[in-house]
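Data block below; observations after.
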Amino acid sequence: MRRIRLYDTLSRETRLFQPLVPPRVGMFVCGLTPYADAHIGHGKVAVTFDAFARALRRWGYRVFYIQNVTNIDDRLIATGGATGKDPLSLADQHFAAWRNDMDRLGIRSVNDYPHATDFVPEIVAQIRQLVDGGYAYAANGSVYYDVAKFARYGELSGQKTEALRPGARVEPEPGKRAPGDFVLWKAATPGEPTWDSPWGPGRPGWHIEDTAITVRMLGPRYDVHGAGLDLKFPHHEAEIAQAEAATGESPLVNFWMHVGLLTMKGEKMSKSLGNVYGLHEALEEFGPEVVRFYYLNAHYRSPLDFVPGISLEEAREAYGSLRGASDRLRAELLAAGPDRAGEELSSTEVAETGRTIEKLDEALSEDFNTREAIAALFSWTGQSASVLAKLEQLSSESLSTLLGPFDWAAAVLGLCGGIPLDESSVVPEVVQASLDARARARDRGDFPEADRIRDALAAAGIVVEDHGGVTRWRLRGSER
RNA sequence: GCUGAGGUGGCAGAAUGGUUAAUGCGUCGGACUGCAGAUCCGAUUCCUGGGGGUUCGAUUCCCUCCCUCAGCUCCA
């Protein structure tokens, strides 16, 4: 098992990663409230932890990764009410769309998506523990967490409850003992979905589902909790307070991993600002790998500023050269078959390739530095340029060796994988007929006609390139 | 105001108490092309927010100031 160091937000230090029960790793990532479609900020979190889980698994850890779905919540009820839809089926719809986008993004690591409403008995049981333990109190059919009873409340975020800006957005609900207390169980309001509880009909508060789920599925303590930085307070603070008070065990989480937020031209994305860029649109326009590359090309804890019309375009340019090299390599190996004889790599080249793979693992072992790994991939392709330029002379074995770093990238980062060219959508014979016409035009020196044909093909998304005496074509955006 | 994360070349973005501070994009040359693209070769050697301090040596450690973003009970 590889030695990994990880930054933990709670202790504010980078420490050796030691799972509670190696090689198993329990991992929980705050999921979604499916009241709207995923945006590119959600994609960043998803890709970060997808790649992180892939890396751990590559290193021999047995990762159990779950992501919750808050399918009952104020926003769902509000959105449902506005559109005349049942909140639960609204949640199902959006969750289905979310899953489609995540599949397209290449998210493969999540083992399960537990839904809040499937854990109501666990939620009620945990609230009861908190009430019995004196950490929570009932009022007007609701139950609140008494923040003052949990001494470490605020430790994760460095907040002191008494220092919170008074009155800001703290609802001065009747029944609350202190403004900072948060709701565990919300008394029923007519027309909303409700469940029975010892305190009367109602529904779960926002924070409680996570700990009900994790205690049940991962145990009272687990290894990794991930989410966007914006959830640190109050949500994660509440999770700690709930779980640790309910189970009596501490710490709830070994490593808190908070992902730097993605901003839009320097500002937070939000519906009220009207600057939300949908993940679906990004995938449509740039394809999954460019989007993944964009996220992974920065450290996960750094904030990332998204500028429409620039950020993903730059990512496409940068990623294109890596993708191009891996495509050529994979295509050549496919053409060569497994047993082609040919030039062998020098021992230096073999060693460099092996060392590159080692560098990739090392980069991710030090606080999951994907940017460093990508830099190593670029360096290696740069160094190997002369070899990569004469692939048709190499043996199959040499080609396989050279594929090593790209196979690593495919497995862990979800980049530079199998050839995704969707050539079935064009008819090769038709393209070839055009190319033949162009070749005849070039032969007789009619370059305006040759260029007209090339431009027409380009307009259809088919890029024509002359390599020495050979003309090749490919679909534009072969990274898709 | 309080809490947290940041400030690195034209841009994006790593790293480190010590050889020329990665890598990529862009730009500029060259090779190859009818031209272009792709690819290859080379250049872009005076970039670490300001000011102090510790040190033989600071971008890194300490203090201080300035600026940006986020959180302060909807948020990934």
Side-chain angles (χ1 to χ4, degrees), chain A residues 9 12 29-33 35-36 38-46 48-49 67 73-75 78 147 154 156-166 168-171 173 179-183 205-207 226-235 237-238 258-263 266-272 293-294 297-299 301-305 307 310-311 313-322 324-325 328 363 366 369-380 382 385-386 388-390 442 445-448 450-451 454-455 458 463-468 472 474:
Chain A
T9 320
R12 295 174 175 76
V29 173
C30 281
L32 69 151
T33 302
Y35 75 107
H39 58 59
I40 50 173
H42 297 116
K44 182 174 194 278
V45 173
T48 297
F49 292 108
Q67 188 164 30
D73 144 289
D74 290 349
R75 286 170 294 169
V147 167
L156 177 68
S157 58
Q159 301 278 355
K160 297 181 186 71
T161 38
E162 61 272 22
L164 296 182
R165 185 189 285 172
R169 279 159 74 181
V170 187
E171 302 299 324
E173 281 177 49
D181 291 354
F182 55 88
V183 68
W206 175 37
H207 312 296
L229 194 57
D230 52 344
L231 293 185
K232 192 157 71 165
F233 185 90
H235 188 234
E237 212 70 77
H258 286 105
V259 175
L261 294 187
L262 186 141
T263 53
E267 280 183 319
K268 176 170 184 148
M269 266 193 296
S270 77
K271 283 201 160 172
S272 52
F293 179 88
Y294 170 63
N297 200 212
H299 190 100
R301 286 196 283 121
S302 303
L304 191 59
D305 190 36
V307 183
I310 294 182
S311 297
E313 284 77 0
E314 284 180 356
R316 179 163 58 192
E317 286 309 311
Y319 177 59
S321 64
L322 273 188
R328 289 197 303 278
E366 185 61 28
N369 195 332
T370 53
R371 171 67 245 223
E372 189 91 336
I374 286 173
L377 280 173
F378 275 112
S379 296
W380 173 74
S386 58
L388 293 172
K390 55 167 186 182
R442 295 178 75 205
D446 186 357
F447 295 118
D451 289 349
R454 186 171 62 189
D455 291 346
V463 181
V464 177
E465 293 165 355
D466 299 316
H467 295 82
R472 294 185 198 151
R474 62 183 170 87

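Lettering of chains follows the sequences in order, A, B, ..., and the numbering in each one begins at 1.
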State the dot-bracket string of RNA chain B. Criteria: Watson-Crick or G-U wobble, both atom distances under 3.5 angstrom; notation: ( ) intrastrand, [ ] crossing earlier pairs, | interstrand, . unpaired.
(((((((..(((.....[....)))((((((.......))))))....(((((..]....))))))))))))....
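In this view, A:Arg442 and A:Arg438, A:Phe447, A:Ala450, A:Asp466, A:Thr471 satisfy the side chain to side chain contact (heavy atoms under 4.5 Å, CB included) rule, not counting sequence neighbours. Listed by chain and number, the residues in a side chain to side chain contact (heavy atoms under 4.5 Å, CB included) with A:Ala363 are A:Glu372, A:Ala373 (sequence neighbours excluded). Under the salt bridge (Lys or Arg N to Asp or Glu O under 4.0 Å) criterion, A:Glu366 pairs with A:Arg5, sequence neighbours left out. With sequence neighbours excluded, no residue forms a side chain to side chain donor-acceptor pair (under 3.5 Å) with A:Arg371. Here A:His299 pairs with nothing under the ring pair (Phe, Tyr, Trp, His ring centres under 6.0 Å) rule; sequence neighbours left out. Checked against side chain to side chain donor-acceptor pair (under 3.5 Å), A:Asp74 has the following partners two or more places apart in sequence or in another chain: A:Lys186, A:Arg203. Partners of A:Thr33 by side chain to side chain donor-acceptor pair (under 3.5 Å), not counting sequence neighbours, listed by chain and number: A:Arg75. Scored by the side chain to side chain contact (heavy atoms under 4.5 Å, CB included) test, A:His42 finds A:Ala38, A:His39, A:Trp98 as partners (sequence neighbours excluded). Among residues two or more places apart in sequence or in another chain, the side chain to side chain donor-acceptor pair (under 3.5 Å) test is passed with A:Glu237 by A:Ser157.
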What string of B, S and - do you get for nucleotides 33-42 of chain B 5' to 3' if you count protein non-hydrogen atoms under 4.0 Å?
-BBBBSSSS-
Within the sub-3.5 Å range, which N or O atoms of nucleotides 12-18 of chain B have a protein N or O partner, and how far apart are they?
| from | atom 1 | to | atom 2 | distance (Å) |
| --- | --- | --- | --- | --- |
| B:A14 | OP1 | A:His299 | N | 2.8 |
| B:A14 | OP1 | A:Ser302 | OG | 2.7 |
| B:A14 | O3' | A:Asn369 | ND2 | 3.0 |
| B:A14 | O2' | A:Glu372 | OE1 | 2.4 |
| B:A15 | OP1 | A:Asn369 | ND2 | 3.0 |

